[in-house]
Amino acid sequence: MRDPARWPAYNAAQRGRPVRDLCRRVLDLAGPGDGRLALDLGCGAGVETAAMLDAGWRVVALDPAPGTGDLVREVAGPGDRGRLTVHEAGAADVSTLVRPAAVQLVHASYALPHVPRLAFDDAWRQVRAALSPGGWLAVDLFGDRDSWVGAQDETFLSRAEVDDLLAGLDVVVLDEVEEDGEAFSGPKHWHTYAVVARAPG
């Protein structure tokens with residue numbers, strides 16, 4: 001699903017689905033939010049954003065798709081949503097929207113793989129810079145045997161490259177999955193890494 005015009009439709013279709021396992025795992029590990037700050041990068045419909053809010057986090061939610069703000073606020077629902085800030089922005093904007101070392105949890109489920117390879121290293125640098133000492137990082141990444149390999153606007157990584165990205169972090173979860181399945185655009189072969197890691201300190 002590499003046509004940017006399809007992202008609003010994809011995001012709208014996510015309403016009502018369960019919270020992704022990656023988000024559940026990092027929330028369990030990180031414990032109650034207690035007002036700590038989380039960054040939901042590529043928040044889509046805001047399903048995981050809502051889970052973070054329900055767990056007591058303040059959340060900055062980013063997604064470049066038009067209409068993100070209205071959709072996320074609708075999915076997050078009423079209640080104490082003064083803890084939510086939404087920006088129609090992407091990984092390239094993290095450093096302009098979040099102070100360095102200010103975020104205690106970064107969640108990016110299937111967002112970073114859709115950053116072009118030439119921009120990926122800078123996006124990763126911004127994500128790492130936003131993470132506070134002791135902060136949690138939860139990301140999904142595409143592997144180099146994924147059937148979309150070769151797409152110019154996406155990033156695919158070998159296991160060695162993933163290990164390099166995680167250098168200096170305490171890796172708690174690193175699940176590599178390779179299987180045939182479905183994407184929003186239809187059948188595909190998935191090769192992914194699900195990562196939960198913690199910054200030192």
Using side-chain contact (heavy atoms from CB on, under 4.5 Å) as the criterion, list what pairs up with S147, not counting sequence neighbours. K188, H189
Residues D28 and R24 bridged, charged N to O under 4.0 Å: no
Transitive ILVMFWY side-chain link V59 to L112, under 4.5 Å: no
With a 4.5 Å cut-off on side-chain heavy-atom distances among I, L, V, M, F, W and Y, is there a chain of contacts connecting L131 to L166? yes
If you measure from CG on L157 to CH2 on W124, what distance do you get to the nearest 0.5 Å? 9.0 Å
To the nearest 0.5 angstrom, please state how far the CG atom of D153 sits from the CZ atom of R117. 14.0 Å
Is any side-chain heavy atom of V171 less than 4.5 Å from a side-chain heavy atom of D163? no
Distance (rounded to the nearest 0.5 Å) between M52 CE and C23 SG: 4.0 Å
The reported gap from CG in L39 to CG in L62 (rounded to nearest 0.5 angstrom) is 5.0 Å
Just say parallel, tilted or perpendicular for the rings of F156 and F142, cut-offs at 30° and 60°. parallel
Could you see if L165 belongs to whatever hydrophobic cluster contains V177? Use Ile, Leu, Val, Met, Phe, Trp, Tyr and a side-chain cutoff under 4.5 Å. no
Would you compute the distance between atom SG of C43 and atom CG of L71 and round it to the nearest 0.5 angstrom? 8.0 Å
Are V115 and L22 in one and the same hydrophobic cluster, where Ile, Leu, Val, Met, Phe, Trp and Tyr link if side-chain heavy atoms are under 4.5 Å apart? no
From L141 atom CG to D146 atom CG, the distance as rounded to the nearest 0.5 Å: 11.5 Å
Mark yes or no for whether Q104, through its side chain, and R36, through its backbone, hold a donor-acceptor pair below 3.5 Å. no
Walk me through whether W148 and H114 qualify under side-chain contact (heavy atoms from CB on, under 4.5 Å). CA-CA 11 Å; W148 286 346; H114 295 284; 4.0 Å; yes
Between the main-chain N or O of G69 and the side-chain N or O of R73, is there a donor-acceptor pair closer than 3.5 Å? yes
Establish, from distance only, whether the side-chain atoms of D40 and T49 form a donor-acceptor pair under 3.5 Å. yes
Test item: D170 side-chain N/O and R198 main-chain N/O as donor-acceptor pair under 3.5 Å: no
